[in-house]
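Step one of this worksheet: look at the structure below.
Numbered from 1 within each chain, the chains take letters A, B, ... in sequence-line order. Note that the coordinates shown come from a computational prediction; the quantities given were computed from them, not determined experimentally.
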Amino acid sequence: DIQMTQSPSSLSASVGDRVTITCRASQSISRYLNWYQQKPGKAPKLLIYGVSSLQSGVPSRFSGSGSGTDFTLTISSLQPEDFATYYCQQSYLIPLTFGGGTEVAIK
Amino acid sequence: QVQLQQWGAGLLKPSETLSLTCAVYGGSFSGYFWSWIRQSPGKGLEWIGEINHRESTNFNPSLKSRVTISVDTSKNQFSLKLTSVTAADRAVYYCAKSPVPAARGLVYFDPWGQGTLVTVSS
């Protein structure tokens, strides 16, 4: 299985901060990488697919980059509604696998 | 706008069979793949498997021996059965839509169902 490792596992930030979350795959996954946001008690919500394509309705402060094994999700200016847990997911090989999550908390 | 609504038993005894159903509203059922994903504190998010309207399936090898995914195209529904459950199967189970089959390109999940908490206890 392809292991997806996210770092950090949690972070504290303030409104307006620039936040960067990293996802590393255990082998190259080309650009088959997606990002999700999950709030407590809710299902994950797709933010970015194919490394950098923003899902419809997602604010432009979210962006993604990377290829191969190393990927990044950036929130350019953190807003109150962005405090949540973020997950990466690969679809290069079965089984499809997710990262362990990064919790973004209020400082 | 596609919406997924899921239901099923939330409390099972060890060795019983988990059974969940997901209904698709407001969009096309054919032409997509329909997945089951679970989330537990211990294992995080885990993809279980998928099906399309032609009953083509793909599964996570770690669960394949215990999993059946079926489809009822007349009702735009698909279902999950997981046999011989144990405490390790305690999780929130989600259904979700994806545009292409697993490992055939860029597979992402959107939207998701609301989730069903399944607990296993004697």
Side-chain angles (χ1 to χ4, degrees), chain A residues 1-7 9-10 23 25-58 62 64 66-67 71 73 84-103, chain B residues 1-7 20 22 27 32-51 56-67 69 91-117:
Chain A
D1 298 5
I2 296 178
Q3 308 302 318
M4 305 299 292
T5 303
Q6 288 184 233
S7 60
S9 57
S10 65
C23 177
S26 59
Q27 67 177 79
S28 176
I29 58 170
S30 185
R31 293 181 61 85
Y32 296 143
L33 190 282
N34 310 308
W35 290 97
Y36 300 85
Q37 176 193 67
Q38 186 178 33
K39 295 183 178 179
K42 299 294 187 182
K45 170 190 168 185
L46 178 68
L47 292 178
I48 289 173
Y49 59 95
V51 174
S52 58
S53 295
L54 216 57
Q55 174 67 344
S56 175
V58 174
F62 291 93
S67 68
F71 302 89
L73 172 69
T85 301
Y86 294 84
Y87 296 94
C88 59
Q89 173 246 322
Q90 66 81 21
S91 67
Y92 187 75
L93 282 179
I94 289 176
L96 311 184
T97 50
F98 293 81
T102 296
E103 182 182 5
Chain B
Q1 182 178 350
V2 175
Q3 292 187 336
L4 306 183
Q5 184 172 352
Q6 57 183 102
W7 64 89
L20 299 174
C22 183
Y32 298 98
F33 271 73
W34 305 95
S35 278
W36 289 98
I37 298 159
R38 69 182 184 179
Q39 184 173 31
S40 63
K43 282 197 158 187
L45 287 160
E46 183 178 28
W47 176 73
I48 299 169
E50 66 179 8
I51 194 167
S56 176
T57 54
N58 291 295
F59 296 103
N60 188 323
S62 69
L63 295 166
K64 186 175 182 177
S65 63
R66 297 194 291 133
V67 170
I69 298 178
V92 177
Y93 287 73
Y94 294 101
C95 56
K97 171 191 167 187
S98 60
V100 297
R104 288 287 186 91
L106 184 62
V107 178
Y108 50 85
F109 301 109
D110 180 71
W112 297 54
Q114 79 275 21
T116 301
L117 174 61

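Looking at heavy atoms from C-beta onward, B:Gln114 lies out of side-chain contact with A:Lys42 at the 4.5 angstrom threshold. Within the 4.5 Å cutoff, no side-chain heavy atoms of B:Ile37 are placed close to those of A:Leu96. With a 4.5 Å cut-off on side-chain heavy atoms, B:Tyr108 and A:Ser91 do not count as touching.
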With side chain to side chain contact (heavy atoms under 4.5 Å, CB included) as the test, would you mind laying out the steps for B:Trp112 and A:Lys45 before giving the verdict?
CA-CA 8 Å; B:Trp112 297 54; A:Lys45 170 190 168 185; over 6 Å; no
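By a heavy-atom distance cut of under 4.5 Å, B:Asn58, B:Phe59, B:Asn60, B:Pro61 are the residues of residues 58-67 of chain B near chain A, going up by number.
Ranked by heavy-atom pairs shorter than 4.5 Å toward chain A, the options B:Gly44, B:Ala102, B:Gly49 are led by B:Ala102. Counting heavy-atom pairs closer than 4.5 Å to chain B, the top residue among A:Pro44, A:Ala43, A:Gly100, A:Gly101 is A:Pro44.
In this structure, CD in B:Glu50 is found 6.5 Å from CD1 in A:Ile94, a value given to the nearest 0.5 Å. One finds the OG atom of B:Ser98 at 10.5 Å from the CG atom of A:Asn34 (value rounded to the nearest 0.5 Å). Remark: B:Gln39 CD to A:Tyr87 OH distance equals 4.5 Å, nearest 0.5 Å.
Using a 4.5 Å cut-off between heavy atoms, B:Phe109 contacts chain A through both its backbone and its side chain. Contact of A:Gln90 with chain B is not made at all, since no heavy-atom distance falls under 4.5 Å.
For A:Ser26, the side-chain contact (heavy atoms from CB on, under 4.5 Å) partners two or more places apart in sequence, or in a different chain, are A:Ile2, A:Gln3. Taking B:Ser56 as the reference, B:Phe33, B:Asn52 meet the side-chain contact (heavy atoms from CB on, under 4.5 Å) condition, with sequence neighbours excluded.
Sorted by first then second residue, the side-chain hydrogen bond (donor to acceptor under 3.5 Å, both in side chains) pairs that include residues 46-58 of chain A, not counting sequence neighbours, are A:Arg31-A:Ser52, A:Gln55-B:Asp110.
For B:Lys43, the NZ atom sits in a loose shell: 12 or fewer heavy atoms of surrounding residues, nucleotides or ligands are nearer than 6.0 Å.
Here B:Trp47 and A:Phe98 keep their ring centres 6.0 angstrom or further from each other.
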